Amino acid sequence: MEGSYLKHKIRETGVTLREVSDLLGITSQALNSIFNAKDVRSGTIEKVAHVLKVPVCFFYDEFNNQNA
């Protein structure tokens with residue numbers, strides 16, 4: 001999954017990107033690096049899902065439908 005898609009899905013939750021970086025314990029610059037990635041690691045997606053208290057599939061449902 002591209003980082004830009006992950007960023008889009010995070011914004012859908014209503015949590016600010018600053019809050020996400022704080023919850024993950026990383027800098028905003030590190031979070032921006034993730035958003036600029038062409039392929040975000042599944043472990044990173046799992047961590048984001050955990051801190052946002054959403055199921056991992058939240059990030060994949062629409063993504064899979066676009067690529068079907």
Side-chain angles (χ1 to χ4, degrees):
M1 161 186 317
E2 286 192 22
S4 59
Y5 181 77
L6 178 64
K7 183 178 183 178
H8 166 76
K9 292 299 285 184
I10 289 172
R11 285 191 169 152
E12 283 184 12
T13 67
V15 178
T16 68
L17 300 180
R18 176 65 183 186
E19 290 171 318
V20 172
S21 65
D22 289 344
L23 289 167
L24 290 171
I26 62 175
T27 64
S28 350
Q29 292 84 0
L31 187 60
N32 280 326
S33 292
I34 294 168
F35 295 150
N36 290 325
K38 290 291 179 193
D39 189 23
V40 178
R41 293 179 173 199
S42 59
T44 301
I45 297 167
E46 290 173 5
K47 288 177 187 176
V48 172
H50 177 75
V51 299
L52 294 178
K53 297 179 173 73
V54 297
V56 174
C57 65
F58 172 79
F59 295 105
Y60 289 104
D61 288 342
E62 191 174 314
F63 179 73
N64 286 334
N65 289 337
Q66 289 177 356
N67 292 319

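Just so you know, residue 1 is the first one in the sequence shown, and it goes up from there. All values derive from a computational prediction rather than experimental measurement.
Put simply, CD1 on I10 and CD on E19 are 11.5 Å apart, with the number rounded to the nearest 0.5 Å. The line from OG1 of T13 to NZ of K53 is 11.5 Å long, rounded to the nearest 0.5 Å. Rounded to the nearest 0.5 Å, atoms CG (L23) and CG (L52) are 7.0 Å apart. One distance of note links CG of N32 with NZ of K7; it measures 6.0 Å at 0.5 Å rounding. Here the CE-NZ distance, from M1 to K9, works out to 8.5 Å after rounding to the nearest 0.5 Å. The distance from the CD1 atom of I45 to the CZ atom of F58 is 12.5 Å, given to the nearest 0.5 Å.
Heavy-atom minimum distance, E2 versus K38: CG-O, 3.3 Å. Residues L24 and V48 share a closest heavy-atom pair of CD1-CG2, 3.9 Å. Taking each heavy atom of F59 and Y5 in turn, the nearest pair found is O-CE2, 3.2 Å.
Distance alone, capped at 3.5 Å, is enough to place a donor-acceptor pair between the S33 side chain and the Q29 backbone.
For the residue pair E12 / H8, a side-chain donor-acceptor distance below 3.5 Å is found, with atom types taken as modelled.
With a 4.5 Å cut-off on side-chain heavy atoms, Y60 and P55 do not count as touching. A 4.5 Å side-chain heavy-atom check between I26 and I34 finds at least one atom pair inside the cut-off.
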